[in-house]
Chemist: 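Below is the structure I would like to discuss, written out as structure tokens.
Starting from 1, each residue takes its place in the sequence as its number.
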Amino acid sequence: MYGQKYRWKEESTYYTFHLFLPQYCETHNFSPQQQLMALCISKCHTLEMGANLSECENCHKKYIHYNSCKNRHCPMCQGMEVDEWIDKQQENVLDVPYFHTVFTVPEELYSLIYSNQKLLYDALYHAAYQTMAELSADPKHLGARIGYICVLHTWGSRMNYHSHLHTIVLGGGLDAANAWKDKGKKFFFPVKVMSAVFKKYYLRELKQLWEDKKLEYHGMAAHLKNHYEFKTLLNSLYDKKWVVYTKEAFNGANSVIHYLGRYTHRIAISNRRIVSMTEETVTYLVKDYKNGGKYIEQSIKGTEFLRMFLMHVLPKGFVRIRHYGLLSCRNKKEKMAHCRKLLNCIQYISKLRGKTCAEKLMILYKKDICKCEACGGNLLSLLLRGHYMLT
């Protein structure tokens with residue numbers, strides 16, 4: 001039989017789980033979502049996930065394609081997801097400037113956020129939304145309703161825990177008269193003002209959750225069970241300067257779309273950053289920000305690599321990509337059509353909407369999975385069910 005089991009290069013997340021997961025299980029506990037993710041990665045593209053067996057009706061050459069796990073944290077499963085998402089978003093992109101804003105929280109909050117991921121990740125989105133809504137409505141800054149997409153990242157370059165929110169902001173909005181309003185390539189809000197307003201709203205929600213006794217305190221956050229310890233933390237956070245920053249405007253609609261794809265489906269580490277493995281360690285590339293952001297190699301124990309990777313598994317059902325304002329689901333069809341009319345913009349049409357998986361693969365990668373690679377004949381396919389198949 002032609003075709004073989006899908007093999008990843010030895011320097012991949014797939015192999016780190018195979019090599020170090022048994023040892024990790026002896027000394028660490030899993031959340032249900034972490035356990036599911038570890039299972040998915042270790043079974044991805046294997047017969048246990050099921051497969052599609054195809055045979056050419058002319059030359060009888062056989063092919064076997066193993067199913068992916070489709071877990072959103074799996075480094076091997078994001079390629080087509082990104083391309084499909086980018087294609088879908090093209091319909092809502094305007095030929096105007098876009099801005100990339102990042103909301104961060106002080107590191108003193110990290111242990112508490114990790115202990116209350118669903119509540120305090122949500123609080124990030126709430127505070128960013130309230131900040132944008134308050135400042136964009138102020139005529140001093142813009143005086144219009146804007147649109148933006150928020151994406152949560154929980155990691156730094158070293159895979160350390162660093163929860164922050166990336167926001168892609170439409171470079172203008174609709175005023176009370178439904179007329180377009182913008183400031184060209186200049187961002188509407190001063191970052192110092194954004195930082196102060198974001199801090200106000202985030203700490204307001206944090207304080208309310210604390211007063212309502214909805215917070216939990218685990219690990220390094222255990223000392224915050226003490227009323228005075230928590231109060232001291234709050235006071236220090238009010239005194240501290242929070243960091244919100246904005247990057248340069250994008251050049252054209254196409255750059256926005258592909259930039260969005262880079263951020264929306266990014267995970268803690270990609271396979272291309274894993275350099276080598278031994279029986280005890282993993283070496284991977286990290287950014288050295290003290291040296292201009294150049295990549296350098298860092299080696300850590302394999303079990304520590306898994307621990308850091310698993311820190312970034314999101315709670316079950318958590319929505320990581322959220323749309324607001326003009327880009328919210330209930331508004332974007334009508335509002336984007338109105339904006340295009342005002343700006344005389346071309347509408348980008350999805351190439352993949354309504355297409356089958358085979359048609360999508362042909363459009364995206366010029367790969368015809370219905371034809372034999374050897375003679376061009378039609379392929380007859382059979383589904384082989386696996387123990388861990390998703391459907």
Chemist: Quick check: does any side chain N or O of Ser276 sit under 3.5 Å from a backbone N or O of Thr283, one acting as donor and the other as acceptor?
Modeler: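 Looks like no, no N/O pair under 3.5 Å.
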Chemist: Relative to each other, are the rings of His100 and His166 parallel, tilted or perpendicular (30° and 60° limits)?
Modeler: tilted
Chemist: For the ring pair Tyr24 and Phe30, is the centre-to-centre distance below 6.0 Å?
Modeler: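 Between Tyr24 and Phe30, the centre distance is under 6.0 Å.
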Chemist: Would you confirm whether the ring centroid of His312 sits within less than 6.0 angstrom of the ring centroid of His73?
Modeler: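 No, ring centres 6.0 Å or more apart.
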Chemist: Strictly by modelled atom types, are His227 and Glu229 linked by a side-chain donor-acceptor pair under 3.5 Å?
Modeler: no
Chemist: Is Lys240 salt-bridged to Glu108, cutoff N-O under 4.0 Å?
Modeler: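 Salt bridge between Lys240 and Glu108, a charged N being under 4.0 Å from a carboxylate O: yes.
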Chemist: What orientation do His153 and Trp155 show, parallel under 30°, tilted 30 to 60°, or perpendicular over 60°?
Modeler: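 His153 vs Trp155 ring planes: parallel.
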Chemist: Side chains of Asn331 and Ser328: is there a donor and an acceptor less than 3.5 Å apart?
Modeler: yes
Chemist: Any idea how Phe17 and Phe309 line up, ring-wise: parallel (<30°), tilted (30 to 60°), or perpendicular (>60°)?
Modeler: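 Geometry flag for Phe309 against Phe17: perpendicular rings.
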Chemist: Before accepting this row, confirm whether a basic side-chain N of the pair Lys200/Glu134 lies closer than 4.0 Å to the acidic partner's carboxylate O.
Modeler: yes
Chemist: Check for me whether the distance between the ring centres of Phe230 and Trp210 falls short of 6.0 Å.
Modeler: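 Aromatic pair counts; centres sit under 6.0 Å.
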Chemist: Looking at Ser68 and Cys77, would you say the former's side chain and the latter's main chain have a donor-acceptor pair under 3.5 Å?
Modeler: no
Chemist: Spell out, as yes or no, whether a donor-acceptor pair under 3.5 Å connects the side chain of His164 to the backbone of His162.
Modeler: yes
Chemist: Can you tell if the side chain of Leu209 reaches within under 4.5 Å of the side chain of Leu119, non-hydrogen atoms only?
Modeler: yes
Chemist: Do the charged groups of Glu91 and Arg353 touch, with an N to O distance under 4.0 Å?
Modeler: yes
Chemist: Under 6.0 Å between the ring centres of Tyr284 and Phe305?
Modeler: yes
Chemist: Aromatic rings Phe189 and Phe187: how do their planes relate, parallel, tilted or perpendicular, breaks at 30° and 60°?
Modeler: perpendicular
Chemist: Within the structure provided, determine whether Ile149 and Arg322 are in side-chain contact (heavy-atom separation under 4.5 Å).
Modeler: no
